[in-house]
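These notes are about the structure you will find just below.
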Amino acid sequence: MMTGRAALALLGLYAQLAVCGPGIADQIRVLGPQAVNLWRLQNQHAARARPQAQDPLLVQAQDGREDYPVSNTQAESKWGGVFPEHWFEQPLDHFAEGKGAETGAETWRQRYWVNTRHYVPGPDAPVFVIDGGETSGEDRLGFLDTGIADILAQATGGVGVVLEHRYYGESRPVKNLTTDSLRFLNNAQSAADSANFMANVKFPGIDEDLTASNHPWIYYGGSYAGARAAHMKVLYPDLVWGAVASSGVTHASIENWEYMEIVRRAADLKCSGNIQLTVEIVDSLLANPVTGRPIKGLFGLADLEHNEDFMSLLESPLGHWQGRNWDPEVGTTGWDDFCAALDGKFVQDPDMEFVSYDEGMDMVTIAEDLMVPVPVYNYARYIKQNYVSLCPEGAVEECFGTYDDSKYHDTDLDQIWRLWLFQVCTEWGYFSTAPPKGHPRIVSRLLTLEYESKICRQAYLPGKHFAVPALPNITAVNALGDFDIAADRLAIIDGEVDPWRPVTPHSDYARAREDTILRPFKLIRGGVHHWDENGRRNLLEEPAQIQMIHEDIVVFVTAWLDDWAAERAARARA
């Protein structure tokens, strides 16, 4: 039976999921194989809490057939009556020539939403498309309502669009998620989806032809979708008039230890110090068989077989840093709550068995002749309350172990963790490993590339048509520009303390650039992850640096649209 503390922890998880969306891709990027365990635990508890799902609704399709499903989540969400979902037919394989008819003729329906509240018909009316990226497109609808797409549409009389990424949300081109079925989930195919949509879409309720050959399209994305925005400008310059890459991760890398280094350096010194102290002590105790079991027992994980799994779970709260946002209705307080928990004084907790406190030394005895500082004890309390409490008693290996290959063999469509992880394993990398030896660290030295990447071999068994490479082919991403990706009317916007900044063009590894109207290069002071994407209906309610970046975006996009109008007028006179 779930304890009261477990219920509170679960409510906290629900709150984070409700605000930030599913978050499975972000968890995978930070936690690797442990993320799948956490996703599974959250999903199990969420399934018990929500009402029985009803069958999908059917609506009249644009071509007259009654076979366009309305998703249950869309029907139940607050966006259902504001932005109805629409569908666009796409080929499964855009590059099927010479491959035979098997995949070349197969099609699927891509979901999208439209905001026309500010639309003013005219020859220069722009379209602002938000790339849905590696999550359900419904998670982006807030940006269509009060975020960047609405801000730009209001300033220019344009149309806002959210375009869901293939395989994510309800844009499912396949019936299962086997390795063979996932082979069409790659950068080239998804970019071709966007290009085909831009060139051919007919928006419901709009008579004007707003395709990219007739009107200026501005492509926007954040994070992975930010890299896609930059790539679209490079790959399809005749369709993409302008693009904004926010926190765009244009540099793919096998290892990404710099993510946690940003967190270590940017966090409050006391909190960062408490984490570093705990990790160093626990790593040291784990190295000794005599002290390894007691320290794992303090965290409620004595029966977790592999030390790597134990330290990976201890890394879990660090993902809260990315969840910070200037708007409390969008971000979470997870990071602040975690830091406060570490910094607290010793509290005798009945769930923390076999401990005693020495007030004079300010140390906690956890076994005979074995003492740890209070921050280590508090870290253990936090992990027990927020993670271990969700696991049935006596099942920690089943809940948090990652060495049983069979745990990763379910290929049903509801196993959405398989989507972004497949992209990680094939083209993007970003395995979150420990920093180089001797470097200060807030993660365990046990988090090696071998440990973080083993799930690629566990989860994606070789298929008849495709096998996952030994390591991701990051060249497929980096060949499109890497740190130096640039084009006229391509804006680069990043957050100063975004843990993803080291793999963006604002990385310390990248060259310096000028900030111009034609090629904007902006860094949001104190910003974390694509902080310019969300907004308030009253922009004056936004903090100063967010008002400033939103004003900057309106200024340079308006200038780009003036250039479009001038070129169109010149062509008309010719």
Side-chain angles (χ1 to χ4, degrees), residues 13 22-45 177 179 182 254-257 259-260 279 282-283 286-287 292-293 295-297 299-319 380 383-384 386-412 414-426 428-434 442-462 468 470-472:
L13 286 170
I24 181 60
D26 289 329
Q27 287 183 357
I28 285 172
R29 279 191 284 255
V30 177
L31 303 177
Q34 193 61 259
V36 181
N37 288 331
L38 295 178
W39 172 84
R40 194 172 277 129
L41 275 176
Q42 292 169 6
N43 227 34
Q44 288 169 357
H45 289 294
L177 301 180
T179 304
L182 288 167
I254 300 296
E255 297 189 60
N256 188 27
W257 65 269
Y259 179 103
M260 290 302 179
V279 168
V282 174
D283 262 356
L286 286 176
R293 186 172 179 84
I295 190 62
K296 288 163 73 172
F299 288 78
L301 296 163
D303 293 331
L304 191 57
E305 181 178 354
H306 294 90
N307 291 340
E308 293 87 349
D309 290 338
F310 173 62
M311 294 309 296
S312 178
L313 187 61
L314 267 59
E315 184 188 22
S316 302
L318 305 187
I383 293 295
K384 285 191 74 171
N386 290 275
Y387 299 97
V388 180
S389 61
L390 302 178
C391 182
E393 188 174 350
V396 294
E397 182 64 28
E398 181 182 343
C399 290
F400 305 115
T402 68
Y403 283 82
D404 179 358
D405 294 359
S406 66
K407 292 174 67 172
Y408 307 109
H409 290 172
D410 188 348
T411 59
D412 290 345
D414 61 355
Q415 302 298 302
I416 58 173
W417 60 268
R418 296 182 65 83
L419 299 175
W420 175 247
L421 187 62
F422 181 82
Q423 294 187 258
V424 163
C425 295
T426 53
W428 289 87
Y430 299 137
F431 299 110
S432 185
T433 56
I442 57 173
V443 297
S444 172
R445 60 173 172 259
L446 298 178
L447 302 183
T448 63
L449 177 61
E450 170 63 24
Y451 172 75
E452 297 289 351
S453 65
K454 67 184 175 61
I455 193 171
C456 296
R457 299 181 293 278
Q458 294 174 297
Y460 305 106
L461 303 179
V468 169
L471 286 173

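Along the sequence shown, residues are numbered consecutively beginning with 1. Atom set for the values below is all heavy atoms of this structure, side chains included, hydrogens, waters and symmetry mates excluded.
Between the side chain of R418 and the backbone N or O of Y460 there is no donor-acceptor pair closer than 3.5 Å. A donor-acceptor contact shorter than 3.5 Å links the side chain of N37 to the backbone of G401. With K296 contributing its side chain and L286 its backbone, the two residues share no donor-acceptor pair below 3.5 Å. Without hydrogens or angle criteria, Q423 side chain to W428 main chain gives no donor-acceptor distance under 3.5 Å. No donor-acceptor pair closer than 3.5 Å links the side chain of K407 to the backbone N or O of Q458.
Interatomic distance, R40 CZ to W417 CH2, rounded to the nearest 0.5 Å: 6.5 Å. The structure places NE2 of H409 at 4.5 Å from CG of L461, a figure rounded to the nearest 0.5 Å. A distance of 11.0 Å separates OG1 of T402 from CG of L313, quoted to the nearest 0.5 Å. With rounding to the nearest 0.5 angstrom, the CD atom of Q44 is 7.5 Å from the SG atom of C399. To the nearest 0.5 Å, atoms CD1 (I295) and CG (L301) are separated by 10.5 Å. Atom-to-atom distance recorded for D414:CG and L177:CG is 8.5 Å, nearest 0.5 angstrom.
Between S316 and F400, the closest side-chain pair of non-hydrogen atoms is not below 4.5 Å. Looking at I28 and Y430, their side chains never come closer than 4.5 Å, going by heavy atoms from C-beta outward. Residues L314 and V279 are not in side-chain contact: their nearest non-hydrogen atoms beyond the backbone lie 4.5 Å or more apart. No side-chain heavy atom of L471 sits less than 4.5 Å from a side-chain heavy atom of C456. Residues Y259 and L318 are not in side-chain contact: their nearest non-hydrogen atoms beyond the backbone lie 4.5 Å or more apart.
Judged purely by distance below 3.5 Å, without hydrogens or angles, the side chains of Q415 and D412 never pair a donor atom with an acceptor atom.
When all heavy atoms of T179 and V468 are compared, the closest pair comes out as CG2-CG2, 4.3 Å. When all heavy atoms are compared, the tightest approach of E452 to S432 is OE2-O, 3.2 Å. Closest approach of S406 and D404 over heavy atoms only: OG-OD1, 2.7 Å. Nearest heavy-atom pair, A302 versus R293, reported as atom, atom and distance to 0.1 Å: O-NH1, 3.0 Å. Contact between A395 and C391 at its shortest, heavy atoms only, is O-SG, 3.3 Å. Closest approach of I383 to P317, counting heavy atoms only: CD1-CG, 3.9 Å.
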Pairs under 3.5 angstrom only: tabulate donor-acceptor contacts from the side chains of residues 443-451 to other protein residues two or more places apart or in another chain.
{"unit_1": "S444", "atom_1": "OG", "unit_2": "D283", "atom_2": "OD1", "d": "2.6"}
{"unit_1": "S444", "atom_1": "OG", "unit_2": "D283", "atom_2": "OD2", "d": "3.3"}
{"unit_1": "S444", "atom_1": "OG", "unit_2": "L446", "atom_2": "N", "d": "2.9"}
{"unit_1": "T448", "atom_1": "OG1", "unit_2": "Y451", "atom_2": "N", "d": "3.2"}
{"unit_1": "E450", "atom_1": "OE2", "unit_2": "R457", "atom_2": "NH2", "d": "2.9"}
{"unit_1": "Y451", "atom_1": "OH", "unit_2": "D309", "atom_2": "OD1", "d": "2.7"}

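In terms of the ring pair (Phe, Tyr, Trp, His ring centres under 6.0 Å) criterion, residue partners of F299 (sequence neighbours excluded) are, by chain and number, F310.
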**Request:** Report the C-alpha separation of W39 and I416 in whole Å, then their side-chain angles, then the decisive distance to 0.1 Å, and conclude whether the side chain to side chain contact (heavy atoms under 4.5 Å, CB included) test is met.
**Result:** CA-CA 10 Å; W39 172 84; I416 58 173; 3.9 Å; yes
